[in-house]
Asks: 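What follows is a structure written as structure tokens; I'll ask about it next.
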Amino acid sequence: MEQAPSLNVFGEPLSVCSHQPKTGYFRDGCCNTSDQDVGIHTVCAVMTEAFLAFSLEQGNDLVTPVPEHGFSGLRPGDQWCLCAGRWWEAYQHNCAPKVILGSTHINTLDIVPIDILRQYALDLN
């Protein structure tokens with residue numbers, strides 16, 4: 001399973017999104033991706049009540065713990081590598097969470113325009 005180059009949306013080295021909880025397709029704390037990552041888990045986002053409720057409505061329960069997979073469930077304020085398509089869908093429903101661009105993989109730009117990501121960025125001045 002070959003990873004795509006670990007670059008963020010600025011073409012710089014990808015920063016860690018979260019080790020607590022451990023996130024990422026590879027569970028390495030980063031929003032790295034590969035051809036096997038069909039969900040494209042590349043957006044480092046800060047969870048909100050609104051987004052977690054939206055995700056649950058879409059059939060993706062990110063709140064309920066799954067101990068057998070080492071998943072304690074997400075809470076508002078947790079950082080998590082979201083599927084780029086799900087983030088875009090949340091954006092279209094006015095409930096997209098804020099993002100950390102330095103930790104968001106460059107492949108996200110295949111789905112979400114940079115100007116929209118910038119509007120949600122927590123790490124821009």
Side-chain angles (χ1 to χ4, degrees):
M1 184 176 345
E2 189 170 322
Q3 282 185 214
S6 295
L7 299 175
N8 65 28
V9 295
F10 303 119
E12 300 167 345
L14 189 66
S15 298
V16 169
C17 180
S18 176
H19 283 298
Q20 195 62 28
K22 185 73 83 176
T23 191
Y25 179 75
F26 295 101
R27 290 299 187 261
D28 59 0
C30 294
C31 298
N32 284 307
T33 191
S34 75
D35 289 341
Q36 288 76 31
D37 178 14
V38 294
I40 311 171
H41 296 79
T42 56
V43 179
C44 182
V46 180
M47 298 299 95
T48 62
E49 285 284 348
F51 175 78
L52 291 169
F54 174 77
S55 185
L56 186 58
E57 288 170 11
Q58 304 309 308
N60 187 17
D61 183 355
L62 298 173
V63 180
T64 303
V66 185
E68 60 270 23
H69 293 291
F71 180 68
S72 59
L74 298 178
R75 296 178 238 12
D78 286 343
Q79 291 183 192
W80 193 250
C81 294
L82 292 180
C83 295
R86 176 69 68 199
W87 189 92
W88 182 245
E89 188 179 10
Y91 167 77
Q92 293 172 321
H93 287 87
N94 298 312
C95 61
K98 297 289 187 180
V99 298
I100 309 296
L101 293 180
S103 302
T104 295
H105 197 280
I106 195 167
N107 287 14
T108 302
L109 301 179
D110 293 340
I111 296 169
V112 183
I114 188 66
D115 58 321
I116 291 175
L117 286 171
R118 283 178 174 276
Q119 294 172 29
Y120 286 80
L122 291 173
D123 55 344
L124 289 180
N125 293 341

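The model shown is predicted, which means the values in this text are computed figures rather than measured ones.
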Asks: Go through Leu82 and Met47 one step at a time and tell me if the side chain to side chain contact (heavy atoms under 4.5 Å, CB included) criterion holds.
Replies: CA-CA 10 Å; Leu82 292 180; Met47 298 299 95; 3.9 Å; yes
Asks: Specify the closest pair of heavy atoms between Ser103 and Val16, including all atoms of both residues, with the distance to one decimal.
Replies: OG-O, 2.9 Å
Asks: Would the number of heavy atoms belonging to other residues, nucleotides or ligands and lying under 6.0 Å from CD of Glu12 be above 12?
Replies: yes
Asks: Cys81 and Cys44: disulfide bond (SG atoms under 2.5 Å apart), yes or no, with the steps?
Replies: CA-CA 5 Å; Cys81 294; Cys44 182; 5.6 Å; no
Asks: As an exercise, state the distance from NE2 of His19 to CZ of Arg27, rounded to the nearest 0.5 Å.
Replies: 13.0 Å
Asks: Is a side-chain donor or acceptor of Trp87 paired with a backbone partner of Pro97 at a separation under 3.5 angstrom?
Replies: yes
Asks: Can you tell me how far apart CG (Leu101) and OH (Tyr120) are? Round to the nearest 0.5 Å.
Replies: 13.0 Å
Asks: Can you name the nearest heavy-atom pair linking Pro13 to Leu7, along with the distance?
Replies: N-CD2, 4.2 Å
Asks: So which atom in Leu14 and which in Cys30 form the shortest heavy-atom distance, rounded to 0.1 Å?
Replies: CD2-CB, 4.1 Å
Asks: Would you please test Asn8 and Phe10 for side chain to side chain contact (heavy atoms under 4.5 Å, CB included) and show each step?
Replies: CA-CA 5 Å; Asn8 65 28; Phe10 303 119; 3.3 Å; yes
Asks: Specify the closest pair of heavy atoms between His105 and Thr33, including all atoms of both residues, with the distance to one decimal.
Replies: CE1-CG2, 3.8 Å
Asks: Treating Ile, Leu, Val, Met, Phe, Trp and Tyr as nodes and any side-chain heavy-atom pair under 4.5 angstrom as an edge, say whether Val38 and Tyr25 lie in one connected cluster.
Replies: no
Asks: Hey, what do you get for CD (Gln58) to NE2 (His93), rounding to the nearest 0.5 Å?
Replies: 6.5 Å
Asks: Using side chain to side chain contact (heavy atoms under 4.5 Å, CB included), reason through Thr23 and Gln79 one step at a time and then give a plain yes or no.
Replies: CA-CA 8 Å; Thr23 191; Gln79 291 183 192; over 6 Å; no
Asks: How close do Asn32 and Ser6 get, heavy atom to heavy atom, and via which atoms?
Replies: OD1-OG, 2.6 Å
Asks: Step through the shown structure and confirm whether more than 12 heavy atoms of other residues, nucleotides or ligands are within 6.0 Å of CD on Gln20.
Replies: no
Asks: Do you know the tightest heavy-atom contact between Tyr91 and Ile116?
Replies: CE1-CG2, 3.5 Å
Asks: Looking at Ile100, Val99, Thr104, which one forms a side chain to side chain contact (heavy atoms under 4.5 Å, CB included) with Asp123?
Replies: Ile100
Asks: Begin from the C-alpha positions of Trp80 and His41 and carry the test side chain to side chain contact (heavy atoms under 4.5 Å, CB included) through to its verdict.
Replies: CA-CA 9 Å; Trp80 193 250; His41 296 79; 5.9 Å; no
Asks: Quick check: is Leu52 connected to Leu56 through a chain of hydrophobic side chains (ILVMFWY, heavy atoms under 4.5 Å apart)?
Replies: no
Asks: Determine whether Leu117 and Leu122 fall in the same hydrophobic cluster, where Ile, Leu, Val, Met, Phe, Trp and Tyr are linked whenever their side-chain heavy atoms lie under 4.5 Å apart.
Replies: no
Asks: If two hydrophobic side chains count as joined below 4.5 Å and joins carry through other members, does Phe51 share a cluster with Val46?
Replies: no
